[in-house]
**Q** 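Sharing a structure, written as structure tokens. Questions coming.
Positions are given from 1 along the sequence.
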Amino acid sequence: MRILFTIAHYYNPNSNGRYGSLRKNPRPRIQALTASISSLHQLFGKSQCIIDIGQREALPANQSQSNDIDIVICTTQDHHILSQVPLPSQMWKHNPTKAEPMLLGFECQALLRDNLGKYDYYCYLEDDLILHDPWFFIKLNWFTKVTGDENLLQPNRYEVSTHGAVRKCYIDGDLLPRVTAKFQNVQEKPELMERIMETAVPFRRALNPHSGCYFLNARQMEYWAGQSYFLDRDTSFIGPLESAATLGVMRTFKIYKPAPPQAGFLEIQHFGTGYLGLIGGQVRLSAELALTLGVNLHI
């Protein structure tokens with residue numbers, strides 16, 4: 001299988017610090033991008049082996065899941081830290097642009113369209129997302145075979161920490177229904193229930209379809225690229241960054257995510273603890289979660 005990954009990457013420490021790409025210290029951004037690129041090669045590339053200890057020989061491993069992958073990093077106006085990433089430069093290709101920083105995701109869309117017919121999967125990621133699941137594309141392929149190409153399964157983003165009451169937090173919970181109502185009808189086939197390895201896994205239409213990424217098979221990519229609104233640079237979903245990542249696919253497909261009881265069926269890590277750190281402050285613990293964690297709520 002051939003997979004094209006496009007990554008929108010921007011770093012400008014001279015701007016305000018609302019996003020990680022704008023903060024003074026480049027180290028977290030370097031770490032995030034390094035982990036993102038490395039994980040794609042380690043999970044889905046062909047350079048994998050198993051050591052036959054008795055014969056003292058390295059043999060191929062995961063051959064049925066090895067792929068030809070290309071990673072293209074889209075940047076703009078020379079605001080990036082690619083020269084500081086401690087990886088061989090041949091692990092990615094650089095696509096410099098002059099786009100507005102918040103619209104880099106649309107440059108990735110153009111790149112995906114320009115490569116129609118060359119790949120089996122067409123993918124977009126923000127530069128702070130890290131995959132850990134070698135069965136990720138197997139799951140996506142299974143989902144579309146079972147439910148149809150008109151449905152798009154999006155991963156749940158999460159953050160992790162070794163401190164605090166919560167060790168893992170999924171960060172893209174429901175938005176108010178009115179936020180996406182003009183773009184999607186979540187009452188149309190609101191839930192799909194499937195059994196995987198004797199386990200019931202519910203998939204629900206996403207009131208928050210944003211994941212900072214998407215992964216389309218060749219048929220889905222071709223269909224989206226053929227729509228009249230493709231690459232119209234509409235930024236009406238929350239803001240430019242969210243629109244570039246999510247609005248186009250939300251208008252084109254019925255977006256599902258694994259429901260909270262099985263949220264980990266398809267997931268992707270968001271680097272850092274920016275959202276997790278809100279718990280206990282701007283985000284309160286529910287009574288149910290507090291009971292599970294053994295935390296006393298002071299009311």
Side-chain angles (χ1 to χ4, degrees), residues 1-12 19-23 26-45 67-116 118-133 136-137 140 154-155 157-159 172 210-216 221 224 231 233 240-249 267-272 274:
M1 189 164 70
R2 289 183 54 80
I3 307 173
L4 175 60
F5 296 98
T6 60
I7 298 176
H9 167 60
Y10 179 75
Y11 180 70
N12 182 8
Y19 296 99
S21 58
L22 304 177
R23 292 173 186 152
R27 183 171 176 79
R29 215 62 186 177
I30 295 169
Q31 292 174 328
L33 184 56
T34 300
S36 180
I37 296 169
S38 299
S39 70
L40 298 179
H41 282 281
Q42 291 159 358
L43 292 172
F44 309 119
N67 310 281
D68 293 310
I69 70 171
D70 287 321
I71 300 172
V72 182
I73 301 177
C74 292
T75 67
T76 185
Q77 304 167 23
D78 294 324
H79 293 306
H80 60 80
I81 45 85
L82 292 183
S83 63
Q84 300 179 61
V85 172
L87 295 173
S89 60
Q90 63 265 30
M91 292 180 71
W92 71 83
K93 299 175 184 177
H94 183 199
N95 182 48
T97 77
K98 298 297 182 182
E100 288 297 316
M102 299 294 281
L103 302 181
L104 261 178
F106 292 114
E107 299 302 311
C108 291
Q109 289 180 22
L111 192 62
L112 295 173
R113 176 204 57 198
D114 292 345
N115 282 278
L116 280 173
K118 299 178 183 178
Y119 295 90
D120 300 292
Y121 268 91
Y122 295 79
C123 315
Y124 166 78
L125 301 94
E126 293 174 354
D127 62 356
D128 56 1
L129 297 180
I130 307 163
L131 280 167
H132 297 282
D133 184 0
F136 191 86
F137 286 98
L140 289 177
Q154 287 283 72
R157 288 194 302 174
Y158 68 91
E159 292 180 351
D172 294 311
H210 185 64
S211 295
C213 58
Y214 50 79
F215 306 84
L216 307 178
M221 185 65 224
W224 179 28
L231 213 54
R233 290 175 169 78
L241 191 68
E242 294 80 8
S243 295
T246 303
L247 181 54
V249 292
E267 62 182 16
I268 190 167
Q269 182 184 359
H270 182 254
F271 185 85

**Q** Pair Glu126, Leu241 - check side chain to side chain contact (heavy atoms under 4.5 Å, CB included), show working.
**A** CA-CA 9 Å; Glu126 293 174 354; Leu241 191 68; 3.9 Å; yes

**Q** Which heavy-atom pair separates Cys123 from Ile3 by the least distance, and what is that distance?
**A**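 Looks like SG-CG2, 3.7 Å.
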
**Q** How far apart are the C-alpha atoms of Met221 and Leu112, what are their side-chain angles, what is the distance that settles it, and do they pass the side chain to side chain contact (heavy atoms under 4.5 Å, CB included) test?
**A** CA-CA 8 Å; Met221 185 65 224; Leu112 295 173; 3.9 Å; yes

**Q** Search all heavy atoms of Gln154 against all heavy atoms of Tyr214 and return the closest pair with its distance.
**A**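 Smallest interatomic distance, heavy atoms only, reads OE1-CA, 3.5 Å.
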
**Q** Looking at OG1 of Thr97 and OH of Tyr10, how far apart are the two atoms once the value is rounded to the nearest 0.5 Å?
**A**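 With rounding to 0.5 Å, OG1 (Thr97) is 11.0 Å from OH (Tyr10).
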
**Q** Checking Phe44 against Phe136 for the side chain to side chain contact (heavy atoms under 4.5 Å, CB included) test, could you report, in this order, the C-alpha distance in whole Å, the side-chain angles of both residues, the deciding distance, and whether it holds?
**A** CA-CA 9 Å; Phe44 309 119; Phe136 191 86; 3.9 Å; yes

**Q** Return yes if a side-chain donor-acceptor contact under 3.5 Å exists between Tyr121 and Asn67, otherwise no.
**A**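 The criterion, which ignores hydrogens and geometry beyond distance, is not satisfied for Asn67 and Tyr121.
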
**Q** Between Asp120 and Arg2, is there a donor-acceptor pair closer than 3.5 Å when you use the side chain of the first and the backbone of the second?
**A**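 Yes: the side chain of Asp120 pairs with the backbone of Arg2.
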
**Q** Quick one: which of Leu125, Val72, Asp70 gives a side chain to side chain contact (heavy atoms under 4.5 Å, CB included) with Phe5?
**A** Leu125

**Q** Hey, what do you get for CZ (Arg113) to CH2 (Trp224), rounding to the nearest 0.5 Å?
**A**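 It is 11.0 Å, given to the nearest 0.5 Å.
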
**Q** Using modelled atom types and a 3.5 Å cut-off, is there a donor and acceptor pairing between side-chain atoms of Thr6 and backbone atoms of Ile71?
**A** no

**Q** Nearest heavy-atom pair of Tyr11 and Pro26: which atoms, and what distance?
**A**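 The pair with the smallest heavy-atom distance is OH-N, 3.2 Å.
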
**Q** Taking the side chain as everything from C-beta on, heavy atoms only, tell me whether His41 gets closer than 4.5 Å to Ile69.
**A**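 The answer is yes, as the side chains (C-beta and beyond) meet within the 4.5 Å cut-off.
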
**Q** Would the distance check show the side chain of Gln269 and the main-chain N or O of His132 forming a donor-acceptor pair, the cut-off being under 3.5 Å?
**A** no

**Q** Are more than 12 heavy atoms, taken from residues, nucleotides or ligands other than Gln77, located less than 6.0 Å from that residue's CD atom?
**A** yes

**Q** Using 0.5 Å steps for rounding, measure from the CD1 atom of Ile73 to the CG atom of Asp127.
**A** 8.5 Å

**Q** Considering all heavy atoms of both residues, which atom of His9 and which atom of Leu104 are nearest to each other, and what is their separation?
**A** O-CD1, 3.4 Å

**Q** Would a 4.5 Å heavy-atom cut-off, applied to side chains only, mark Phe215 and Pro155 as touching?
**A** yes

**Q** Measure the CD1-CG distance between Ile7 and Asp128 for me, rounded to the nearest 0.5 Å.
**A**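 CG of Asp128 is found 10.5 Å from CD1 of Ile7.
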
**Q** Could you state the interatomic distance from NE2 (His80) to CZ (Arg29), rounded to the nearest 0.5 Å?
**A**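 His80 NE2 to Arg29 CZ: 14.5 Å, rounded to 0.5 Å.
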
**Q** Which atom pair, heavy atoms only, marks the closest approach of Ala245 to His210?
**A** CB-CE1, 3.7 Å

**Q** Grab the two heavy atoms, one from Arg157 and one from Ser211, that are nearest each other, plus how far apart they are.
**A** CD-O, 2.9 Å

**Q** Could you tabulate the donor-acceptor pairs under 3.5 Å formed by side-chain atoms of residues 31-40, not counting sequence neighbours?
**A**
| from | atom 1 | to | atom 2 | distance (Å) |
| --- | --- | --- | --- | --- |
| Thr34 | OG1 | Ile30 | O | 2.7 |
| Ser36 | OG | Leu129 | O | 2.9 |
| Ser38 | OG | Thr34 | O | 2.7 |
| Ser39 | OG | Ala35 | O | 3.3 |
| Ser39 | OG | Ser36 | O | 2.9 |

**Q** Would you please test Tyr124 and Val249 for side chain to side chain contact (heavy atoms under 4.5 Å, CB included) and show each step?
**A** CA-CA 11 Å; Tyr124 166 78; Val249 292; over 6 Å; no

**Q** Is there a side-chain contact between Asn12 and Pro101 in this structure, where contact means two heavy atoms from C-beta onward sitting under 4.5 Å apart?
**A** no

**Q** Which distance, rounded to the nearest 0.5 Å, do you find between the CG of Asp68 and the CG of Leu4?
**A**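 Going from the CG atom of Asp68 to the CG atom of Leu4 covers 12.0 Å.
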
